[in-house]
Amino acid sequence: MSDQEPITDETVNVGLLAKSRDTLPRGRTVLIGIFGDQESPGALLRSSSGQVQRVKLGDDALGGKVMAIGDGAIVIASGQGTKVLKLP
């Protein structure tokens, strides 16, 4: 989703989900959404502190680099291994 795209019901729902105290587990980073297309995918992560981060391929996240986004999951690789976060 770019900054020029209109706000839709889906956008509002993702925002509400990201801020909800009861819907998503607290105390760890979770994947709350995937957007874009195959050529330019992006994802929304909510940190354990509740901060929402928008990432794309190659961005830094969770101490590593975003290597893949799609099929309801994001892959982050670091020197300590690979993390896969899936949509709830």
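The figures that follow rest on heavy atoms only: side chains count, while hydrogens, waters and symmetry mates do not.
Two residues are said to be in side-chain contact when any heavy atoms from C-beta on lie closer than 4.5 Å; Val30 and Pro88 fail this criterion. Put simply, the side chain of Ile34 does not reach to within 4.5 Å of the side chain of Ile74, judged on heavy atoms.
Not counting sequence neighbours, the partners of Asp37 by the side-chain contact (heavy atoms from CB on, under 4.5 Å) test are Glu39, Ser40. Considering only residues two or more places apart in sequence or on other chains, Lys83 meets the salt bridge (Lys or Arg N to Asp or Glu O under 4.0 Å) condition with none of them. Annotation: side-chain contact (heavy atoms from CB on, under 4.5 Å) contacts of Ala73 (sequence neighbours excluded): Val84, Lys86. In this structure, the side-chain contact (heavy atoms from CB on, under 4.5 Å) partners of Ser47, at least two apart in sequence or on a different chain, are Thr29, Ser49, Gln51. Checked against side chain to side chain donor-acceptor pair (under 3.5 Å), Asp59 has no partners two or more places apart in sequence or in another chain.
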Worked verdict on Val55 versus Ile76 for side chain to side chain contact (heavy atoms under 4.5 Å, CB included): CA-CA 11 Å; Val55 297; Ile76 301 169; over 6 Å; no
Only distances under 3.5 Å count here; give the side-chain donor-acceptor pairs of residues 62-71 to other protein atoms, sequence neighbours excluded, each with its distance to 0.1 Å.
{"from": "Lys65", "atom 1": "NZ", "to": "Asp60", "atom 2": "OD1", "distance (Å)": "2.8"}

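The only option from Val52, Leu87, Leu45, Leu85 that meets the side chain to side chain contact (heavy atoms under 4.5 Å, CB included) definition with Ile32 turns out to be Val52.
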